[in-house]
Amino acid sequence: MTRSTYHILSKARSGKVFSNRIKPTISRFHICPPHTCIKTLPFLNDLAGSTPFSAMPSSVSNHYASLLKLCSQPNKQSHLKKLHCLILKTINPIDTFLYNTLIASYSNAALPEHARRVFDQIPQPNLFSRNAVLSAYSKSGCLSEMEQMFDSMPERDCVSWNSLVSGFAGHGSPKKAVEAYRAMLREAQAAPNRITFSTMLIFSSARSSSDLGRQIHCQIIKYGFERYVFVGSPLVDMYSKVGLLGEARQVFEWMEEKNLVVYNTMITGLLRCGMVEDSKQLFREMSERDSISWTTMVTGLTQNGLELEALGFFRDMRAQDVGIDQYTFGSVLTACGGLSALEQGKQVHAYIIRTHYDNNVFVGSALVDMYSKCRSVRLAELVFRRMAFKNIVSWTAMLVGYGQNGCSEEAMQIFCEMQRNGIEPDDFTLGSVISSCANLASLEEGAQFHCQALVSGLISFITVSNAIVTLYGKCGSIEDSHRLFNEMQIRDQVSWTALVSGYAQFGKAKETIELFEKMLIEGVNPDGITFIGVLSACSRAGLVEKGYSYFNSMVEDHGITPIADHYTCMIDLLSRAGRLKETEDFIKQMPCHPDAIGWATLLSSCRVHGNMELGKWAAENLLELDPQSPASYVLLSNMYAARGKWDEVAQLRRGMKDRRVRKEPGCSWIKYKNKVYIFSADDQSHPYLERIYAELEKLHLKMVEEGYKPDMSSVLHDVGEAEKMNMLSHHSEKLAIAFGLIFIPRELPIRVVKNLRVCGDCHNATKFISKIVDREILVRDAVRFHKFSNGVCSCGDFW
DNA sequence: GTAGGGTTAG
């Protein structure tokens, strides 16, 4: 056996590289020659890197201890178990030091039961052994086992107490954490150390408990830790997280020998509280800055909506040759995404490839997100497909990317693919996929996701529950939506807004307003999105005065600055009610111009109320803002068509053709036996078309008997009356409803989804059909819900 | 177990 050094390089989970040098000592327990180990356990090679095993450490116990440390991760559990077996085979007796290392390794690998089993085999366990088991229970949240262990210990030191405190603090027992901390202070043998205080400070921050934070601060002063950077730094962090920036600054100023970390912490706190100028000042004052200082500025500025400035800092950072790492790239990509700056994002991507960060899972996820936010979902997909390793965040980023770019079906598919790859969804993923599902109005899948949320327990996340409340609202089951809302233990602003918007979308103005008022009484603050729900409910119900007063209250009582969506609601409210002159005045006194949706709303109302003059104004503005959008052409052409101005219609059609604008073809779909059947007006290929036409024919006769008159103004083509009739009776939603009547069992409602707004004639016809066949028919169109039952629609014919 | 990044819900 030669004396040699043994050198291990290991990559910790954080990606940081550290080296571990073990001093050579003479072995006493050397039984098994090292090369046999390599043959039996090839993974040891991977763990130890390129170091040849012939360079053998002198102490086998130390050697195994260092290998055990390499397996001390949850993703190396099997390696750890194999190594444990090897140790049992090759060493006898095992010394207490190695036993303790084994316990600690199982603890870090999240296997507390294994840690306990090792402990039970130790002939003479010491305080370290007990502390190691205690720590295993504490980290894994086995709280009762932890308490039992703690109570049974013959002696306890500061480490034991710290495990107890952090176990309670980290696993949902806040009361016991505080109790344990106070008991510790009373215990003479276990004086708190810096770890005790930083644990408690982080705990206070997480609970946003400024009172507890202050109490801990007092204790810190009492024990003389205040000016010590390792306690002062978390103290600054805690105060800034609970919003007490003055206190944070005071602690910062009082500290002696401030290091880089303290500065970085303070700058983060300032940026968190929106004090951008102060943070920049402090940044300039620093005598040295590291990568974290720069990245903090990039992140903080981005979070304060100052993406351009953030990119400026990134440029300076590169110019000054500061090390750029995965964190920096993550922040810069967020800034690019926030600006929808595709070109700059691509440049950063190129730099990432040059610096070989493109295989990093964090950077990859950030790239997927950036491209999605720049509306380049195909590029996001490309990056995602090329990622060598994907974690749950990468999957979620792609899923959300699809969802936010209107590719809801692809979002659902990627969710399935993720599960097939053995990745369990978390609250983020499930919430997002439910949101996509809601956009598709797929009630069956939605209900399955609801079940999945219940079974997995993810329903306890408020974000998941909120997503399901929204889901049922968008699927037309407002009762289910309300039921879940009532069942929720905690409700936040988002929950209330989800239900308010659900009722609004359903056209139930009275319920919407009642709910909103109840929300105010319960002391939940509405925000801009809540008001969009309230205002749209008013406009759908024609409650002009009420809507106006809510709009004013939003600005005056709630201090919310209206954005384009609110103005669009107001334009809708006024113009839909036919008060077009008022609408014009309103638009002219708005602080900003309406956006494309605002103009389209006005144009649509002008069509309904036959105001060509204002309609032209709206159309021109709409065309200027969005020349590629088919909406302006279609709406204007509808308006001309309704008045029989076919020459103008033809001219517009030519304009569309020249600019290569295409109208989105109308289609409706219905689900039957897990299959989606899609119908479009010109579809002649449908296998059941003959039966559907026959059904429609039959219905038509009964409808006419009941007093139905076709509304020809809904036909926007220059054709004869008979042909108009034919076109009208074959609108996609009528086909879908007829299909539903034939195939969907009587006891179930018929649910149809349409990609465009439902036309006047179909709406009227569906009312008649619901009465004739005595069935409930739900139609979800592009903007809202219509629930037809016994000849009446839930929207009250106002949509 | 002192500081920085990437993903959710209305």
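Naming: A, B, ... by sequence-line order, numbering from 1 per chain.
Contact annotation for A:Ser291: base contact, defined as any heavy-atom pair under 4.0 Å involving a base atom. Using a 4.0 Å heavy-atom cutoff across all strands shown, A:Thr295 reaches at least one base atom of the nucleic acid. Among the atoms of the strands shown, none is found under 4.0 Å from any heavy atom of A:Asn259. A:Asp527 comes within contact range of at least one nucleobase, with a heavy-atom separation under 4.0 Å. A:Asp426 comes within contact range of no nucleotide atom at all, as no heavy-atom separation falls under 4.0 Å. Residue contacts shown for A:Val400 are limited to sugar-phosphate atoms, with no base heavy atom under 4.0 Å away.
Rounded to whole Å, atom C1' of B:dG1 lies 13 Å from atom CG of A:Asp237. B:dG6 atom P lies 10 Å from atom CG of A:Leu333, rounded to whole Å. Rounded to an integer number of Å, the gap from A:Met387 CE to B:dT7 C1' is 11 Å. Rounded to a whole Å, the CZ atom of A:Phe384 is 18 Å from the P atom of B:dG6. Put simply, CG on A:Leu399 is 18 Å from P on B:dG6, counting in whole angstrom units. Atom CG in A:Leu430 sits about 11 Å away from atom C1' in B:dA9, given to the nearest Å. At whole-Å resolution of the value, CG in A:Leu515 and C1' in B:dG10 are 13 Å apart. Taking atom CG of A:Asp427 as the reference point, atom P of B:dA9 lies 12 Å away to the nearest angstrom.
Scored by the side-chain hydrogen bond (donor to acceptor under 3.5 Å, both in side chains) test, A:Asp358 finds no partners at all (sequence neighbours excluded). The salt bridge (charged side-chain N to carboxylate O under 4.0 Å, His left out) check on A:Glu309 picks up A:Lys280, with sequence neighbours excluded. For A:Thr299, the side-chain hydrogen bond (donor to acceptor under 3.5 Å, both in side chains) test picks out A:Ser331, with sequence neighbours left out. Residues meeting the side-chain hydrogen bond (donor to acceptor under 3.5 Å, both in side chains) test with A:Tyr550, sequence neighbours left out: A:Glu517. Scanning for salt bridge (charged side-chain N to carboxylate O under 4.0 Å, His left out) contacts around A:Glu247 gives A:Arg214, with sequence neighbours left out.
Each of B:dT8, B:dG10, B:dG6 was ranked by its minimum atom distance to the side chain of A:Ser432; first place goes to B:dT8. Set against B:dG1, B:dA9, B:dG10, the side chain of A:Ser501 has B:dG10 as its closest nucleotide. The listed nucleotides are B:dT8, B:dG10, B:dG4; the one nearest the side chain of A:Ala498 is B:dG10. Across B:dG10, B:dG4, B:dT8, the shortest atom-to-atom separation from the side chain of A:Phe428 is found for B:dT8. For A:Ala366, counting side-chain heavy atoms from C-beta on, the closest listed nucleotide (B:dA9, B:dG6, B:dT2) is B:dG6. Nearest nucleotide to the side chain of A:Val393, out of B:dA9, B:dG10, B:dT7: B:dT7. Comparing B:dA3, B:dG4, B:dA9 by their nearest atom to the side chain of A:Tyr327 picks out B:dG4.
Sorted by first and then second residue, the side chain to side chain donor-acceptor pair (under 3.5 Å) pairs involving residues 361-373 of chain A (not counting sequence neighbours) are A:His349-A:Tyr371, A:Ser365-A:Ser394, A:Asp369-A:Lys373.
Listed by residue number, the members of residues 368-377 of chain A with any heavy atom below 4.0 angstrom from DNA chain B are A:Asp369, A:Lys373. The stretch residues 485-497 of chain A comes close to DNA chain B through A:Asp492, A:Gln493, A:Val494, A:Thr497, each having a heavy atom under 4.0 Å from the strand.
Between A:Phe283 and A:Phe313, the distance from one ring center to the other falls under 6.0 angstrom. Two rings, from A:Phe384 and A:Trp395, have their centers less than 6.0 Å apart. Taking the six-membered ring where the residue is Trp, the centroids of A:Phe168 and A:Tyr181 are separated by 6.0 Å or more.
For A:Asn193 and B:dG1, a side-chain-to-base donor-acceptor distance below 3.5 Å is absent, hydrogens and geometry of angles not being considered.
When the side-chain nitrogen and oxygen atoms of A:Thr334 are compared with OP1 and OP2 of B:dG6, one or more of them lie within a distance under 4.0 Å. Close to B:dG10, at under 4.0 Å from its OP1 or OP2, lies a side-chain N or O of A:Ser435. An OP1 or OP2 oxygen of B:dT8 is reached within less than 4.0 angstrom by a side-chain nitrogen or oxygen of A:Gln404.
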Return a table of donor-acceptor pairs under 3.5 angstrom between the side chains of residues 251-261 of chain A and protein atoms on other chains or two or more places apart.
residue: A:Lys258; atom: NZ; partner: A:Phe252; partner atom: O; Å: 3.2
residue: A:Asn259; atom: OD1; partner: A:Val261; partner atom: N; Å: 3.2
residue: A:Asn259; atom: OD1; partner: A:Val262; partner atom: N; Å: 3.0

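Looking at A:His482, its side chain never comes within 3.5 Å of a backbone N or O of A:Ile478 through a donor-acceptor pair.
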